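Notes to accompany the following structure.
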Amino acid sequence: MAYWLMKTEPDAFSLQDLQQRGQEPWDGIRNYQARNFLRSMQIGDGVFIYHSRVPVPGIVGTAEVVSTAHPDPTQFDPQSNHYDPASSPHQPRWDLVDVAYRQTFAHHVTLDRLRTMPEFSDSPLIRKGNRLSILPITVDQWHHVLQWAG
DNA sequence: GCCAACGTTGGC
DNA sequence: GCCAACGTTGGC
């Protein structure tokens, strides 16, 4: 059992969208470090959903990993803006996991708030210029954020 | 919308 | 293998 944080731009796909659909293949990850995290995920792992590129970025709720990693079909689709012509079906380069909605926080845990938490002082999440869209969350971080979220 | 920071690509 | 150029991310 592990914990993760996944970023999304709500203009493209929000926690509310996930709630409406129930679950969703988390496709479009095109970063090797993030992909390697995807590959280490297990069914039942907890996920913080983080909204980026909004006036007040932060963690807005939770989801759960409901599949292990499998090839992301959008890498083979020339119509997709995640198309990767260098990837082949014989040796897929990019994976996804399926993620199910769990809860929306009554109180969002904003980036400003996360910066005040000692649990996050070493996290890439609060570092300037950080572009990692999937990152591991410690047990302490998980529980502390849930506490703040009310 | 701007732009700093970063990861990736490709010429050499 | 180096590194400049490029495209993208994400806070502001």
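Here the structure is a predicted model, which is why all the values come from computation and not from measurement. Lettering follows sequence order; numbering is per chain, from 1.
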Worksheet item: Taking only residues two or more places apart in sequence, or in another chain, which ones meet A:Pro73 in a side-chain contact (heavy atoms from CB on, under 4.5 Å)?
Response: A:Leu96

Worksheet, complete the sentence: What residues 109-120 of chain A contributes to the DNA chain C interface at heavy-atom separation below 4.0 Å is A:Leu111, A:Arg115

Practice prompt. With sequence neighbours excluded, tell me which residues meet side-chain contact (heavy atoms from CB on, under 4.5 Å) with A:Val56.
Written response: A:Thr110

Practice prompt. Sequence neighbours left out, what pairs pass salt bridge (Lys or Arg N to Asp or Glu O under 4.0 Å) with at least one residue falling in residues 51-61 of chain A?
Written response: none

Worksheet item: Which residues within residues 83-91 of chain A lie with some heavy atom under 4.0 Å of an atom in DNA chain C?
Response: none

Worksheet item: Excluding sequence neighbours, so at least two apart, what forms salt bridge (charged side-chain N to carboxylate O under 4.0 Å, His left out) with A:Asp95?
Response: A:Arg39

Item to complete: Find which nucleotide of DNA chain B each of A:Asn130 and A:Arg93 is nearest to by heavy atoms, and output the residue with the more 5' nucleotide.
Response: A:Asn130

Practice prompt. Provide the start and end nucleotides, 5' to 3', of the part of DNA chain C that has atoms under 4.0 Å from heavy atoms of chain A.
Written response: C:dG7 to C:dC12

Item to complete: Give every residue pair that meets the ring pair (Phe, Tyr, Trp, His ring centres under 6.0 Å) criterion with at least one member in residues 61-112 of chain A, sequence neighbours excluded.
Response: A:Tyr32-A:Trp94

Worksheet, complete the sentence: The side chain to side chain donor-acceptor pair (under 3.5 Å) partners of A:Ser87 (sequence neighbours excluded) come to A:Gln75

Worksheet entry | Name of the residue among A:Leu114, A:Leu146, A:Ile49 meeting side chain to side chain contact (heavy atoms under 4.5 Å, CB included) with A:Ile59 | A:Leu114

Practice prompt. Tell me, please, which residues at least two apart from A:Asp77 pass salt bridge (charged side-chain N to carboxylate O under 4.0 Å, His left out).
Written response: none

Worksheet entry | Pairing residues for A:Glu119 by the side-chain contact (heavy atoms from CB on, under 4.5 Å) criterion, not counting sequence neighbours | A:Met117, A:Asp140, A:Gln141, A:His144

Worksheet, complete the sentence: The answer to which of A:Lys128 and A:Arg53 contacts DNA chain B further toward the 5' end, by nearest nucleotide, is A:Arg53

Item to complete: Can you sort out the partners of A:Ala2 under side-chain contact (heavy atoms from CB on, under 4.5 Å), two or more places apart, ordered by chain and number?
Response: A:Trp4, A:Asp45

